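Here is the structure we will look at.
Source: prediction; values computed, not measured. Below, read A as the first sequence line, B as the second, and so on, with proteins coming before strands; counting in each chain starts at 1.
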Protein chains: 2
Amino acid sequence: MDTRTALLDSAETACRQRGFDGFSYSDMAKDVGIAKPSVHHHFPLKADLALAILERYSDNFHQSLKNISESNQSAGAKLSAYVQLYRNALKGGTCVCLCVAYSAGRASLSDDVVSKLNRFHDFSIDWLEIVFRNASHDHSISHVADPRSEAAATLALMEGAQLVARAASDLVRFDQTVSTLLSRISP
Amino acid sequence: MDTRTALLDSAETACRQRGFDGFSYSDMAKDVGIAKPSVHHHFPLKADLALAILERYSDNFHQSLKNISESNQSAGAKLSAYVQLYRNALKGGTCVCLCVAYSAGRASLSDDVVSKLNRFHDFSIDWLEIVFRNASHDHSISHVADPRSEAAATLALMEGAQLVARAASDLVRFDQTVSTLLSRISP
DNA sequence: GTCTATAGCTTGATAGAC
DNA sequence: GTCTATCAAGCTATAGAC
């Protein structure tokens with residue numbers, strides 16, 4: 001594995017565990033086994049690092065949603081897979097997803113990172129809106145109200161469920177939080 | 001106003017804007033107009049400060065829920081007031097509530113603060129559970145599923161809605177997120 | 001209860017050799 | 001691309017005078 005990728009892995013994990021202000025170039029250097037100033041060769045400023053982490057994360061997430069769309073037929077099955085994605089991102093209650101970490105640490109981020117973060121949110125809501133719109137045709141999710149609002153609520157539910165589960169370091173909290181949503185999905 | 005209260009005000013606001021690692025004793029000292037070491041007289045360690053902020057916040061929140069319970073008749077009206085509480089806590093999109101800030105910054109908090117945070121979450125869920133349980137009698141909220149799960153989902157929805165709105169610094173995001181929930185309340 | 005002074009450490013970032 | 005050496009600034013925290 002190349003050094004840049006190893007550094008990004010280290011930084012993303014640390015950021016999702018402890019927040020963007022909760023890890024340093026020194027931590028990354030120790031993790032990867034190089035000297036601290038060498039990290040600056042790959043990411044001159046921490047703002048560069050913030051952007052690189054988000055861009056890679058964003059690309060992976062987009063790919064995940066594409067895979068979910070392709071490998072699941074009904075809207076309900078797609079929604080269920082989406083919830084699983086956020087459940088897995090918790091890594092047993094030790095992490096939150098990058099969006100939760102960045103949203104909470106918004107004040108330490110540059111304007112372009114914040115705007116990319118908001119575009120990430122929009123992308124997720126757009127995808128969910130289509131799912132809920134399809135659900136009102138295939139009836140795989142019960143009593144769907146306005147698809148756009150349902151989509152926004154679902155994204156917030158995922159982020160909030162992660163926060164509560166992270167606070168307790170307990171996946172059961174996540175499961176309890178999403179159970180009403182999942183119960184609306186037809187088998 | 002006494003110095004301790006002024007310091008708590010400064011710290012709570014800063015924490016909700018920038019996270020617990022995002023402000024320092026120096027910031028508080030400047031805010032209140034005293035020297036930095038004087039802050040240590042009131043809160044020797046930053047861990048003491050973390051606890052004091054949460055305890056005061058918790059007491060205020062409990063009082064707010066009590067007021068909501070007393071001044072609203074139907075379950076739907078109580079839920080609507082609860083949502084407003086979280087909307088106001090956003091302060092126009094500049095802040096999140098303390099629980100969101102603490103949950104995201106969990107790694108920097110001591111064990112007793114984390115356990116108090118989890119008790120705060122439980123208290124909120126308990127209160128909401130009663131609201132949803134009453135709603136299945138007074139029919140002021142439509143299609144209520146399991147009250148405990150609805151309660152957990154509602155807390156997560158509030159925290160997630162705050163995160164998304166904070167990321168965008170835009171209250172409209174909050175309103176869009178909670179609109180499906182509010183539309184379930186009978187007029 | 002507030003002050004000045006300071007300790008001891010970590011941070012992000014740079015200079016310059018190899 | 002990685003290193004050693006270093007910087008200025010920030011942090012939490014303490015000592016001791018008033």
Please tabulate, for side-chain N and O atoms in residues 73-84 of chain B, each donor-acceptor pair with protein atoms closer than 3.5 Å (sequence neighbours left out).
unit_1  : atom_1 : unit_2   : atom_2 : d
B:Ser74 : OG     : B:Ala77  : N      : 3.0
B:Tyr82 : OH     : B:Tyr86  : OH     : 3.4
B:Tyr82 : OH     : B:Ser124 : OG     : 2.8

[N] [atom2] sits how many Å from [X] [atom1], rounded?
{"X": "A:Asp21", "N": "C:dT10", "atom1": "CG", "atom2": "P", "answer": "17 Å"}
{"X": "A:Phe43", "N": "D:dT2", "atom1": "CZ", "atom2": "P", "answer": "11 Å"}
{"X": "B:Ile34", "N": "D:dC18", "atom1": "CD1", "atom2": "P", "answer": "21 Å"}

Can you confirm if the NZ or CZ of B:Lys116 lies within 45° of the ring axis of B:Tyr102 and under 6.0 Å from the centre of its six-membered ring?
no
Cation-pi between A:Lys46 and A:Phe23: NZ/CZ under 6.0 Å from ring centre and within 45° of the ring axis?
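Yes, a cation-pi geometry.
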Taking OP1 and OP2 of [N], is either one under 4.0 Å from a side-chain nitrogen or oxygen of [X]?
{"X": "A:His41", "N": "D:dG1", "value": "yes"}
{"X": "B:Ser38", "N": "C:dC3", "value": "yes"}
{"X": "A:Thr3", "N": "D:dG1", "value": "no"}

Can you sort out which residues in residues 108-115 of chain A have a heavy atom within less than 4.0 Å of DNA chain C? Ascending by number, please.
none
Residues two or more places apart in sequence or in another chain: which of them pass side chain to side chain contact (heavy atoms under 4.5 Å, CB included) with A:Ala47?
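None.
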Taking only residues two or more places apart in sequence, or in another chain, which ones meet A:His121 in a side chain to side chain contact (heavy atoms under 4.5 Å, CB included)?
A:Cys99, A:Ser103, A:Leu117, A:Asn118, A:Leu155, A:Glu159, B:Val164, B:Ala167, B:Arg173
When you check every protein heavy atom under 4.0 Å of nucleotides 6-12 of chain D, what one-letter string (B, S, -) results, 5' to 3'?
-----SB
My understanding is that only residues two or more places apart in sequence, or in another chain, count here; which of them pass ring-ring contact (aromatic ring centres under 6.0 Å, His included) with A:His41?
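Partners of A:His41 by the ring-ring contact (aromatic ring centres under 6.0 Å, His included) criterion come out as none, since no residue qualifies.
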Please answer whether the main-chain N or O of A:Asp9 pairs with a side-chain N or O of A:Thr13 as donor and acceptor at a distance below 3.5 Å.
yes
Going hydrophobic residue to hydrophobic residue with side-chain gaps under 4.5 angstrom, can you get from B:Ile53 over to B:Val39?
yes
